[in-house]
Participant: 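Below is one structure. I have some questions about it.
Hydrogens, waters and symmetry mates are skipped; everything else that's a heavy atom, side chains included, is used. Letters go in sequence order (proteins before strands), and every chain restarts at 1.
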Amino acid sequence: MLDVRLLREDIQKVTEGLKKRGQDIGLTGLLKLDEEMRRLLKESEGFKYKRNMVSDKIGELKKKGVDTDKETFEMREVSQRIKELDARIKELSEDINNRLLNIPNIPHSSVPVGRSAGDNVEIKKWGNPHKFNFPVKSHMELGDAVGLDFQRASKITGAGFVLYKGMGARLERALINFMLDLHVKEHGYLEVSPPFMVNRESATTTGNLPKFEEDLFKVDDGNYYLIPTAEVPVTNMHRDEIIPEVMLPLYYVAYTPCFRKEAGSWGQDTKGLIRQHQFDKVELVKFVKPEGSYEELEKLLSHAEEVLKRLELPYRVITLCAGDMGFSSAKSYDIEVWIPSQGKYREISTCSNFEDFQARRGSIRYKPKGGGKPVFLHTLNGSGLAIGRTMVAILENYQQEDGSVIIPEVLRPYMDGKERIP
RNA sequence: GGAGGGGUGGCCGAGUGGUUUAAGGCGCUGGUCUUGAAAACCAGUGAACGAAAGUUCCGUGAGUUCGAAUCUCACCUCCUCCGCCA
């Protein structure tokens, strides 16, 4: 959420920032509402001051046994007026808030201008795609032998789900454990295992609500939502909290399944593991002071990259252009892994700095050491990594002519030393 | 699912209609004292809006009243017991 004060003080800057995203949002109406609300608030407070004074006086007079009918009658009207004003103020502030909640974050100055994925900028490549001297198979073709069962998942639930069996299930679990261990033991993250359903407030903090409700699975029973990423529950760990400065930075890593409706992406990646309604992901989340948040983003990115380096999977990193970034992000990098069957790099992680956008929505602040007012901190997160797509990359990049798949060395300790599946 | 009891500042805890501008304690910060420390003593210690005066916040939301932490209703949540259950 943007700061209303920024709108009041520099509406030009905000408008330009949003234009960079390709969004032309009129803000003058919002400013008018804000002005009116503040005017009424002043008026209401004046009446409240009066009410408090006279009410105290009534108390004293009554103690002395003096008649207070005149004052009581007068205050009855004042109270009525306050009630009306407060009702209007509440309406206005709800309206203002709703509008603010629907405005995306302003891109950081280093973010390239652009409308869509075509304008993203590649900044780094690592590893070389392997040359195969036989026709490469897709992970769907390879998957059968290692226990990927799409047919049965579809019978059990429907399209967009997968059933892992045998060594496939084992490989998935190995990936989760490998990634968690790396981030916990070597990168200094605290492992958390959060709820997989969240309430409205939590989904609003991260920016999934109110604008993107159609992307979420709703659990009707309790007004809960299945999480689309661990970012949602983990970021909300500190919602409505004021953290002592000495506690910062906070690094968390969480493994969770993720549930997404994928509304609006019909027809893309309909087959295979790339796009599923449910997939597993290991997610990195940081709470940091504003000053260092962009260095923290670089570090976060390197932590996610490290997973691919150790798995020896070729990848590249791109900076997302303003138009291709997520709603809440101020700057995002995508890591894309090489997919041999498609002959291109595909997204496997997004690392983002949200600055204080989410912190403001969720009121997540820290208390400065030397005293002073609480300050909104900066939140960041990134996949480290998406398990399903990592599975795809391993199956395809490590495939052998006979249809078997070599297990990357770092995963073997998690698989009883096995070197190859099936 | 049934029955009962709670939710007050960083923490503990008093407060059942009007000097409560939320007592008191602990913790924390600063000071005095001390060779240094501890102890003792003194002072200061929540948040939002506002230039300020001030207004608001005692789980949340409605209501009663001139006036609500305090009374009424609904909801949320925690605890105890019973039942069911991984």
Participant: Answer yes if the ring centres of A/Phe327 and A/Phe357 are under 6.0 angstrom apart, and no otherwise.
Facilitator: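 Yes, close enough.
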Participant: Report the residues that fulfil side chain to side chain donor-acceptor pair (under 3.5 Å) with A/Lys137, sequence neighbours left out, ordered by chain and then residue number.
Facilitator: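 A/Lys137 satisfies side chain to side chain donor-acceptor pair (under 3.5 Å) with no other residue.
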Participant: For a quick check, with a 4.0 angstrom heavy-atom cut-off, what is the B/S/- contact string for nucleotides 47-56 of chain B, read 5' to 3'?
Facilitator: SSSS-B-BBS
Participant: Can you list the residues that meet the side chain to side chain donor-acceptor pair (under 3.5 Å) rule with A/Asp86, with sequence neighbours excluded?
Facilitator: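 By the side chain to side chain donor-acceptor pair (under 3.5 Å) rule, A/Asp86 matches A/Ser44, A/Lys48.
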Participant: Rounded to whole angstrom, note down the P distance from B/rU65 over to B/rG46.
Facilitator: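 B/rU65 and B/rG46 have their P atoms separated by 36 Å.
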Participant: For A/Glu213 and A/Tyr225, does a side-chain donor sit closer than 3.5 Å to a side-chain acceptor?
Facilitator: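 Note: A/Glu213 and A/Tyr225 side chains meet the donor-acceptor criterion.
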Participant: Expressed in whole Å, how much space separates the P atoms belonging to B/rG1 and B/rG15?
Facilitator: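 Roughly 34 Å separates the two P atoms.
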Participant: Any side-chain hydrogen bond (donor to acceptor under 3.5 Å, both in side chains) pairs touching residues 377-391 of chain A, not counting sequence neighbours?
Facilitator: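 Passing the test, one end in residues 377-391 of chain A: A/Glu231-A/Asn381, A/Ser293-A/His378, A/Gln358-A/Thr379.
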Participant: Apply side-chain contact (heavy atoms from CB on, under 4.5 Å) to residues A/Glu306 and A/His187 and explain how you reach the verdict.
Facilitator: CA-CA 10 Å; A/Glu306 187 62 25; A/His187 296 155; 3.9 Å; yes
Participant: For A/Arg76 and A/Gln80, test the side chains for any donor-to-acceptor distance below 3.5 angstrom and give the result as yes or no.
Facilitator: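 Note: A/Arg76 and A/Gln80 side chains miss the donor-acceptor criterion.
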Participant: Verify whether one side chain among A/Tyr224 and A/Asn199 offers a donor that lies under 3.5 Å from an acceptor in the other.
Facilitator: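 No - no donor-acceptor pair under 3.5 Å links their side chains.
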Participant: How far does the P atom of B/rA23 sit from the matching atom of B/rA62, given to the nearest Å?
Facilitator: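 So the two P atoms sit 27 Å from each other.
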Participant: Using the test side chain to side chain donor-acceptor pair (under 3.5 Å), find all partners of A/Glu347 that sit at least two apart in sequence or belong to another chain.
Facilitator: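 Residues passing side chain to side chain donor-acceptor pair (under 3.5 Å) with A/Glu347: A/Thr350.
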Participant: Distance check, C1' atoms only: B/rU70 and B/rU64, in whole angstrom units.
Facilitator: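 It works out to 13 Å between them.
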Participant: Looking just at side-chain N and O atoms, do A/Ser332 and A/Ser352 make a donor-acceptor pair shorter than 3.5 Å?
Facilitator: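 Yes, side-chain donor-acceptor contact under 3.5 Å.
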Participant: Under the rule for side chain to side chain donor-acceptor pair (under 3.5 Å), what residues qualify as partners of A/Glu241, not counting sequence neighbours?
Facilitator: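 If we apply the side chain to side chain donor-acceptor pair (under 3.5 Å) test to A/Glu241, skipping adjacent residues, the hits are A/His238.
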Participant: Suppose the criterion is ring-ring contact (aromatic ring centres under 6.0 Å, His included): which pairs have a residue in residues 143-175 of chain A, not counting sequence neighbours?
Facilitator: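 Passing the test, one end in residues 143-175 of chain A: A/Phe161-A/His277.
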Participant: Can you confirm whether the side chains of A/Ser404 and A/Arg420 place a donor and an acceptor under 3.5 Å from each other?
Facilitator: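 Note: A/Ser404 and A/Arg420 side chains meet the donor-acceptor criterion.
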Participant: For the side chain of A/Asn236 and the backbone of A/Arg239, is there at least one donor-acceptor N/O pair under 3.5 Å apart?
Facilitator: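 No, A/Asn236 side chain to A/Arg239 backbone: no donor-acceptor pair under 3.5 Å.
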Participant: Donor-acceptor check, side chain of A/Lys13 to backbone of A/Leu7, threshold 3.5 angstrom: yes or no?
Facilitator: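 No, because the side chain of A/Lys13 does not come within donor-acceptor range (under 3.5 Å) of the backbone of A/Leu7.
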Participant: Scan side-chain atoms only and decide if A/Tyr333 and A/Glu305 contain a donor-acceptor pair under the 3.5 Å cut-off.
Facilitator: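 No, A/Glu305 and A/Tyr333 have no side-chain donor paired with an acceptor closer than 3.5 Å.
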Participant: Does one side chain, of A/Thr256 or A/Lys281, offer a donor that lies under 3.5 Å from an acceptor on the other?
Facilitator: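 No, no side-chain donor-acceptor contact under 3.5 Å.
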Participant: Looking only at side-chain N and O atoms, does A/Tyr251 offer a donor or acceptor that is under 3.5 Å from a partner on A/His183?
Facilitator: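 Not at all, the side chains of A/His183 and A/Tyr251 share no donor-acceptor pair under 3.5 Å.
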Participant: Please measure how far the P atom in B/rU80 lies from the corresponding atom in B/rC41, and state the result in whole Å.
Facilitator: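 Comparing P positions in B/rU80 and B/rC41 gives a spacing of 39 Å.
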Participant: Please list every stem that involves RNA chain B, where a stem is a run of 3 or more consecutive Watson-Crick or G-U wobble pairs with both pairing distances under 3.5 Å.
Facilitator: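 RNA chain B forms these stems: B:1-7 with B:76-82, B:10-12 with B:24-26, B:27-32 with B:40-45, B:46-49 with B:54-57, B:59-63 with B:71-75.
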Participant: Rounding to the closest angstrom, what is the interatomic distance between B/rG10 and B/rC71 at atom C1'?
Facilitator: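 Pairwise C1' distance, B/rG10 against B/rC71, rounds to 31 Å.
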Participant: Tabulate atom names and distances for all N/O pairs under 3.5 angstrom spanning the protein and nucleotides 43-45 of chain B.
Facilitator:
none

Participant: Can you sort out which residues in residues 71-92 of chain A have a heavy atom within less than 4.0 Å of RNA chain B? Ascending by number, please.
Facilitator: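 Heavy-atom cutoff 4.0 Å gives A/Thr72, A/Met75, A/Arg76, A/Ser79, A/Lys83, A/Lys90.
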Participant: Please enumerate all protein N or O atoms sitting under 3.5 Å from an N or O of nucleotides 19-22 of chain B, with distances to 0.1 Å.
Facilitator:
none

Participant: Using heavy atoms and a sub-4.0 Å distance, could you list which residues of residues 190-204 of chain A are near RNA chain B? By number, please.
Facilitator: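 Here the set is empty: none.
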Participant: Rounding to the closest angstrom, what is the interatomic distance between B/rG5 and B/rG24 at atom P?
Facilitator: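 Those two atoms are separated by 32 Å.
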Participant: Say we look at B/rG63 and B/rG17: how far apart would their C1' atoms be, to the nearest angstrom?
Facilitator: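 That atom pair is separated by 16 Å.
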